[in-house]
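Everything numeric here is computed off the predicted structure, so don't read it as measured data.
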Amino acid sequence: MEEIKHVEEQTPKGTELNIDGLYKLCPQCFTEAKDKEGKVRLAVDFDKLRQLLGDITISHTDEHYEFNWVGKRDAFREASEPTTFTLRPCPKESVDWEHTKNLYIEGNNLDVLKLLLKSYAGKVKMIYIDPPYNTGKDFVYHDNFHRTKTEEAAAAGDVDEQGNKYRVNTESNGEFHSDWCSMMYARLLIARHCISEDGVIFISIDDNEVSNLMKICNEVFGEKNFVECLKWKRKKQPSFLAKHTAKLMEYVLVYALNKELLAKLSIESISDSTKKVINLTNNPSERVFKAGFRVKSIDNGIVPKGKYRIKTMDVEYLDDIHVRNGRAKNEVKVISKFTVTQANIDKFIDEDLLFVTANNGLRRDVSEEETNKRKSITDLLLDWGDNQESEIEMKNLFGTSYFEYTKPTKLIYNLSKSVEGDDFVVIDFFSGSATTAHAVMQLNAEDGGNRKFIMVQIPEKTPENSDAYKAGYKTICEIGKERIRRAGKKIKEDSPLTTQDLDIGFRVLKLDSSNMTDVYFHPKDVKQDNLDMFSSNIKKDRISLDLLFDCMLRWGLTLDMPISTEKVESCNLQIVNGGDLIGVFDGEVTDDVVHAIAKKNPLRVVFRDDCFTDSNVKLNVYETFKQECAWNDEEAKNNIRVI
């Protein structure tokens, strides 16, 4: 009987992702070959690749255009290296843990991005970052800067628990620009894989590194995917005491993953995706929907007549909707708080714009004519908030401003609004004061959208003499999390009727070392009285929820999925999203427990290895799931793991 496979303990290498991407574009350039260990693997046939590219080759001795700096190769290698770190959930620090779709992650963003990659590859429509500008006063990360405790004590700056150093990058550093370029290059290489085909990244920057950042982005995203260098007015009044010129502007670089697929960037009220046809403030009225309109809740069958509540609005169908191939076959009378006339309803159905949503609500697609009339944002952002407004925002929330410079909510609000649609993921991996989370919640509150945010911030310590430290905020993360709590509460208080279902929560996760113990002992050094250290390969301070989230990461499940617990005999079943994954990390796994799990027909199952006290039960796991879930051998091997 074949042994159950273990969960992978590290993320994939970046080179594997690059090979996967190349295979999608050029499958004919791949063949099978033996590796150094004699195993047959998929390999690149470089001769075929050269033929496909017209044999356009570059010799290292030839002159060619290239942007280089000290440490570039190391940065590329670091971005490609896997990580064995994990993310540990912290429900007590979270808000609405069970229901929220938002995430707040503490840790070095390089390792966090690596961990998120499998779960969020191609799923993030918008990234906004406000990285250190390399002014000589801000922090630059030195990745994998491992030191002994003595060296740490002697080092200038801070070293986090994972051994990553972050320090002030002064101009006296001989690699002043190179260190900054390496930091950005590694992170953008990974972040690129997260962006969806129609997605976009916005990067705030000033004069210090804008030219270098553009060259890095041209390499990472491709020069053809450069969209714009927006000029943002960050100050109402310049400092006329400046030595040469009084600066008012900063920049926001905009790059698409695929510029051809990126929709027009516009902040006009018309959405490129869908629009409401009902509104809470209107009076109820009746409309007649003639046959033919689309129904997304079912493909075939009947949507029973009756009243359906969608968030804060009701839709009542006075007739059953008979659906075939996703379209209504009969005329239906509908009562709701309509914003459009009967004539417009008829027009929308004739133009195939009106549809019943997945939860039996009502919306319509935007017509091509409406889309073409929308104005694009300009490259000059004159009224998109400024530093003074951002300071006022912080004071309104905290009574004081704990940051010298933060971005105003309006800037990121408008950038988010300019992106097509209202249901997508936004990542900010230099989160700082969490302005991005604030802006996303505000925008959702105003347009009824369902955008989700993922904030990532290293737990940089606040100075002991600072107001933030004295107020109890020992790290930047503590300020960011508290801002989200206060901003969300305020948004709901300001508009209580329209924000009842607004997601103002967030799950907190923290970067930490692997859940697995590292055991490196020579047999002669192991004494009889400490053999119990080998009874489990899991660290003693790790709980079931830690293990579950680690498995979600390794299997590529998004970290916002709902989680429930069910007791079967002595085991607690951790059920992710109704069965996308079921984990068993405590109790004794018996045949009855295995059968109970199999009856739920899960997509994936993971067991804690030492929960099997009977070896025969473990040996029978594959066969049980093959019979109960109709899995073949390959499915059983891929869908069942131990940790």
ask   = Arg608 and Phe585: which non-hydrogen atoms are nearest, and at how many Å?
value = CD-O, 3.3 Å
query = Passes salt bridge (charged side-chain N to carboxylate O under 4.0 Å, His left out), Lys626 versus Glu623? Steps please.
reply = CA-CA 5 Å; Lys626 284 164 62 177; Glu623 292 304 318; 3.2 Å; yes
Tyr185 six-ring centre to Lys72 NZ/CZ under 6.0 Å and within 45° of normal = yes
key: Intermediate values then yes/no, ring pair (Phe, Tyr, Trp, His ring centres under 6.0 Å), Phe226 and Phe221   = CA-CA 8 Å; Phe226 168 71; Phe221 300 102; over 10 Å; no
request  = Please examine the side chains of Ile195 and Lys123, heavy atoms only from C-beta on, and report whether any two atoms are closer than 4.5 Å.
outcome  = no
Derivation and outcome, side chain to side chain contact (heavy atoms under 4.5 Å, CB included), residues Leu87 and Leu559 = CA-CA 10 Å; Leu87 296 178; Leu559 304 180; 4.0 Å; yes
query = Are Lys539 and Asp512 ion-paired here, with the side-chain N under 4.0 Å from a carboxylate O?
reply = no
query = With side chains defined as the heavy atoms from C-beta onward, is the minimum distance between Leu213 and Ile203 less than 4.5 Å?
reply = yes
Glu420 side, atom CD; Lys125 side, atom NZ - distance, nearest 0.5 Å = 4.5 Å
query = Looking only at atom types and distance, does a side-chain atom of Arg192 sit under 3.5 Å from a main-chain N or O of Val220, one as donor and one as acceptor?
reply = yes
key: Heavy-atom side-chain proximity of Met126 to Ile201 below 4.5 angstrom   = no
ask   = Any side-chain heavy atom of Val617 sitting closer than 4.5 Å to one from Val589?
value = yes
task = To the nearest 0.5 Å, tell me how far Ile575 CD1 sits from Ile582 CD1.
result = 5.0 Å
query = Which residue, His595, Lys599, Lys600, forms the side-chain hydrogen bond (donor to acceptor under 3.5 Å, both in side chains) with Glu628?
reply = His595
ask   = Does any N or O in the side chain of Thr435 come within less than 3.5 Å of the main-chain N or O of Thr409, such that one atom is a donor and the other an acceptor?
value = no
message = So, taking the atom named NZ in Lys114 and the one named CG in Asn109, what distance separates them when rounded to the nearest 0.5 Å?
response = 11.0 Å
note = OH (Tyr128) and OG (Ser431) are apart, to the nearest 0.5 Å, by 11.0 Å
task = Measure from the side-chain N and O atoms of Asp546 to the backbone N and O of Ile543, and report whether any donor-acceptor pair falls under 3.5 Å.
result = yes
Flag if over 12 foreign heavy atoms under 6.0 Å of CD, Glu223 = no
Heavy-atom closest pair, residues Ala186 and Ala79 = O-CB, 3.6 Å
key: Stepwise salt bridge (charged side-chain N to carboxylate O under 4.0 Å, His left out) check, Lys510 with Glu93   = CA-CA 11 Å; Lys510 296 184 180 182; Glu93 296 183 33; 2.8 Å; yes
ask   = Can you check whether Leu557's main-chain N or O pairs, donor with acceptor, with Ser119's side chain at less than 3.5 Å?
value = yes
task = Ignoring hydrogens and angles, tell me if any N or O in the side chain of Thr86 forms a donor-acceptor pair with the backbone of Asp550 under 3.5 Å.
result = no
request  = Specify the closest pair of heavy atoms between Pro459 and Thr475, including all atoms of both residues, with the distance to one decimal.
outcome  = O-CG2, 3.9 Å
task = For Arg483, check salt bridge (charged side-chain N to carboxylate O under 4.0 Å, His left out) against everything at least two apart and list the hits.
result = Glu393
Val456 vs Leu113, side chain to side chain contact (heavy atoms under 4.5 Å, CB included): CA-CA, chis, key distance, verdict = CA-CA 9 Å; Val456 183; Leu113 285 170; 5.8 Å; no
note = Taking every heavy atom of Met455 against every heavy atom of Ala437, the minimum-distance pair comes out as SD-N, 3.7 Å
ask   = Which is it for Tyr255 and Asn218 under the side-chain hydrogen bond (donor to acceptor under 3.5 Å, both in side chains) test, yes or no, and what are the steps along the way?
value = CA-CA 9 Å; Tyr255 280 81; Asn218 284 343; 2.7 Å; yes
inquiry  = Donor-acceptor pair, distance only, cut-off 3.5 Å: does the side chain of Asp609 make one with the backbone of Ile643?
reply    = no
Exceeds 12 heavy-atom contacts within 6.0 angstrom, atom NZ of Lys489 = no
task = For residues Glu446 and Tyr413, determine if any side-chain heavy atom of one lies less than 4.5 Å from a side-chain heavy atom of the other.
result = yes
query = Do the side chains of Val584 and Ile597 get nearer than 4.5 Å, heavy atoms only?
reply = yes
Reported NE2-to-OG1 distance for the pair His438 and Thr406, which is rounded to 0.5 angstrom = 11.0 Å
note = Applied to residues 540-559, the ring pair (Phe, Tyr, Trp, His ring centres under 6.0 Å) test, sequence neighbours excluded, yields Trp97-Phe549
message = How close do Tyr104 and Ile476 get, counting heavy atoms only, and between which atoms?
response = OH-O, 4.4 Å
request  = Check Pro131 against Ser204 and note the closest heavy-atom contact, atom names and distance.
outcome  = CD-O, 3.3 Å
ask   = Is there a donor-acceptor contact under 3.5 Å from the side chain of Asn632 to the main chain of Glu635?
value = yes
remark   = CE (Met441) and CD1 (Ile491) are apart, to the nearest 0.5 Å, by 4.5 Å
task = Any chance you could lay out the side chain to side chain contact (heavy atoms under 4.5 Å, CB included) test for Asp428 and Ile454, step after step, and finish with the verdict?
result = CA-CA 6 Å; Asp428 182 345; Ile454 300 176; over 6 Å; no
inquiry  = What verdict does the side chain to side chain contact (heavy atoms under 4.5 Å, CB included) test give for Leu573 and Thr565, after you've listed the backbone C-alpha separation in whole Å, the side-chain angles of each residue and the deciding distance to 0.1 Å?
reply    = CA-CA 5 Å; Leu573 310 188; Thr565 304; over 6 Å; no
key: Student check: side-chain heavy atoms of Phe625 and Asn639 closer than 4.5 Å   = no
message = Does Lys101 form a salt bridge (charged side-chain N to carboxylate O under 4.0 Å, His left out) with Asp503? I'd like the steps, not just the answer.
response = CA-CA 7 Å; Lys101 297 295 182 181; Asp503 186 358; over 6 Å; no
ask   = Between Asn102 (side chain) and Gly505 (backbone), is there a donor-acceptor pair under 3.5 Å?
value = yes
request  = Apply the test salt bridge (charged side-chain N to carboxylate O under 4.0 Å, His left out) to residues Asp111 and Arg187: give CA-CA distance (whole Å), side-chain angles for both, the deciding distance (0.1 Å), then the verdict.
outcome  = CA-CA 9 Å; Asp111 288 302; Arg187 285 154 178 79; over 6 Å; no
inquiry  = Under 4.0 Å between a side-chain nitrogen and a carboxylate oxygen: does that hold for Asp447 and Lys417?
reply    = no
Glu482/Arg485 salt bridge by N-O under 4.0 Å criterion = yes
ask   = Side-chain contact, heavy-atom cut-off 4.5 Å: Phe429 with Cys194?
value = no
query = Between the main-chain N or O of Asp96 and the side-chain N or O of Thr100, is there a donor-acceptor pair closer than 3.5 Å?
reply = no
query = Between Asn444 (side chain) and Arg451 (backbone), is there a donor-acceptor pair under 3.5 Å?
reply = yes
